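For reference, the structure is listed below as structure tokens.
Labels below follow one simple rule: chain letters A, B, ... track the order of the sequence lines, proteins then strands, and each chain is numbered from 1. Atoms considered below: every heavy atom in the structure, side chains included; atoms not considered: hydrogens, waters and symmetry mates. Treat the numbers as computed from the prediction; the structure is a model and nothing was measured.
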Protein chains: 2
Amino acid sequence: MTGHENLWMRPERPARGPRPSFSRAALADAAIRVADAEGLEAISMRRLAADLGAGTMSLYRYVTSKDEVLDLMVDTAVREYLPEDQQPPGDWVEGLRLLAWQARRTMLRHPWLAPLAAARPQVGPNSARLTETALGMLDGLGLSIDEMLTFVGAVFAYVNGYTQGELVEAEATRRSGMTLQQRLAQHISYIQSLIATGEFPMLDRMTKEAGRHFMSSDERFAYGLDRLLDGLAASLRARGAADGPAGSR
Amino acid sequence: MTGHENLWMRPERPARGPRPSFSRAALADAAIRVADAEGLEAISMRRLAADLGAGTMSLYRYVTSKDEVLDLMVDTAVREYLPEDQQPPGDWVEGLRLLAWQARRTMLRHPWLAPLAAARPQVGPNSARLTETALGMLDGLGLSIDEMLTFVGAVFAYVNGYTQGELVEAEATRRSGMTLQQRLAQHISYIQSLIATGEFPMLDRMTKEAGRHFMSSDERFAYGLDRLLDGLAASLRARGAADGPAGSR
DNA sequence: ACATACCGGGTACCGTGTACGCAATAGCGC
DNA sequence: GCGCTATTGCGTACACGGTACCCGGTATGT
């Protein structure tokens, strides 16, 4: 109960004793390298230790569990969400849009990030900076903190949900070692068998029109994101007369 | 290469040989029971076999891997997304809203569902029925299939992202065996230490206003969902003059 | 009736996270 | 400078997970 049960509160380097031969950051970087190259399932304590030229159990001097390694990875990667320069455009819509795109780009660059970030509480310093930045963009609009969190939460829910869903197919293909063609052929032949029952007219149209996809994944993402931002902005505009985003109630 | 490499195309019960002593559905139900009661990490082949009164390796007569068990679980649970009666309201906005709520309710009822569904390709028959139903709601509005998929994809991206994020805290609390108070206390004291640096004015306001949360999780969800649907509807209305959801370009 | 194709499940193997203990090391107080 | 002690590095060992393989029994088609 000394308050050190949390990874982020635990001091990395105590005063006494021999120098640690690497750092948490190095551990996180090594893990990210492995996951980027070979996927999340390639990450094991033995593997990381080997990559760092250390014994397996040595890692536990830096981290109390594998879970904490994953926490480190997430928070390290989340730093890439944040824009380099100070203030982007002054408009909050532009600001949130930029943040959303930055998050999406990062998750596509690190395909392991989306599932990992979605599955564990975000608590690290970079996650905190992200929240701070996002809330800061909504400051001065007359929103309460609670309402700001609702706005930001909605945008990130969409970004995470969309991007994670998009990555699933790609990852499944990579993991199974099949070509995209092979996987598609499988799905198609199965869907054909469903269509044959006559209960799936829309899926039927889907396969018939499948040749010409008008929108790329980026365009679809942008479209949904912009609609959501439209809706939020409209609701904010309507606030002058009414009482707030919560509606009446 | 006989086309049986896909779970959903593989016949469950071949003609010859002794009767199987249970079914895939029973396997899925048992797994869902375990996961509902003890969480996803309690699911192992040995455990499921024991619950079914079977030998561990017998499960592999019904399924080629644990992954397929998870696929069965997801598709079985996804059936609960679908409304019981035939046609809900005729309005597509009401239809999608209903579907979104049904998905949310189901994911809250089965806390293991959101991460699982998000992490694997949706291919089962109930997922197909879901897509069919959702697309059917958008039929007759002058949208192409591609555009309909964009609409539906946006809504489900939001629903999945929001609900999964919401479940993370609850699950982490359950898994760690701590009370919510203990976990909160940990977070709070850490956040306090960040605020002490002076770099997090918004987080500071957050903790100060934390006492009065105006919106429940359901209300936040509803708010974001309704804004997204607003945006989609407005864009559809604007289609008469312009060229389509893709905007100009 | 008999061959065949399937079922049940025991045994065994490998890979995983990690508890534990011991030797080596660096900073502190004298 | 000299021990004392907190800390590090890490080998060993264990429990637990998925699943390949194999054998003996059983229901169906000929």
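- Note that CG of A:Leu203 and CD1 of A:Ile195 are 5.5 Å apart. Values are rounded to the nearest 0.5 Å.
- The CE atom of B:Met45 sits 13 Å away from the C1' atom of D:dA20 (whole-angstrom rounding).
- Within the 4.0 angstrom heavy-atom criterion, only backbone atoms of the sugar-phosphate kind lie near A:Arg19; the bases stay farther away.
- No option in B:Thr133, B:Thr131, B:Asn126 other than B:Asn126 meets the side-chain hydrogen bond (donor to acceptor under 3.5 Å, both in side chains) test with B:Arg129.
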> Passes side chain to side chain contact (heavy atoms under 4.5 Å, CB included), A:Arg220 versus B:Leu149? Steps please.
Replying inline: CA-CA 9 Å; A:Arg220 269 195 234 271; B:Leu149 284 172; 3.8 Å; yes
>> Using side chain to side chain contact (heavy atoms under 4.5 Å, CB included), reason through A:His110 and A:Val74 one step at a time and then give a plain yes or no.
In response: CA-CA 10 Å; A:His110 305 293; A:Val74 170; over 6 Å; no
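- Taking atom CZ of B:Arg47 as the reference point, atom P of D:dT19 lies 18 Å away to the nearest angstrom.
- In terms of polar N and O atoms assigned as donor or acceptor, the side chain of A:Arg46 comes within less than 3.5 Å of the base of C:dG17 in a complementary pairing.
- A donor-acceptor pair is defined here as one N or O able to donate and one able to accept, closer than 3.5 Å; such a pair exists between the side chain of B:Thr207 and the backbone of B:Asp204.
- In this structure, the CD atom of A:Glu41 is 16 Å from the P atom of D:dG18, given to the nearest Å.
- Aromatic ring centroids of A:Phe221 and A:Tyr158 lie under 6.0 Å apart.
- Taking a 4.0 Å limit (strictly below) on heavy-atom distances, residues 49-67 of chain A reaches DNA chain D at A:Ala54, A:Gly55, A:Met57, A:Ser58, A:Arg61, A:Tyr62.
- Between the side chain of B:Glu219 and the backbone N or O of B:Ser216, at least one donor-acceptor pair lies under 3.5 Å.
- Within residues 21-36 of chain B, the residues that have a heavy atom under 4.0 Å from DNA chain C are, in order of number, B:Ser21.
- A salt bridge links B:Arg47 and B:Asp51; the closest N-O separation between the charged side-chain nitrogens and carboxylate oxygens is under 4.0 Å.
- Rounded to whole Å, atom C1' of C:dC2 lies 12 Å from atom CZ of B:Arg16.
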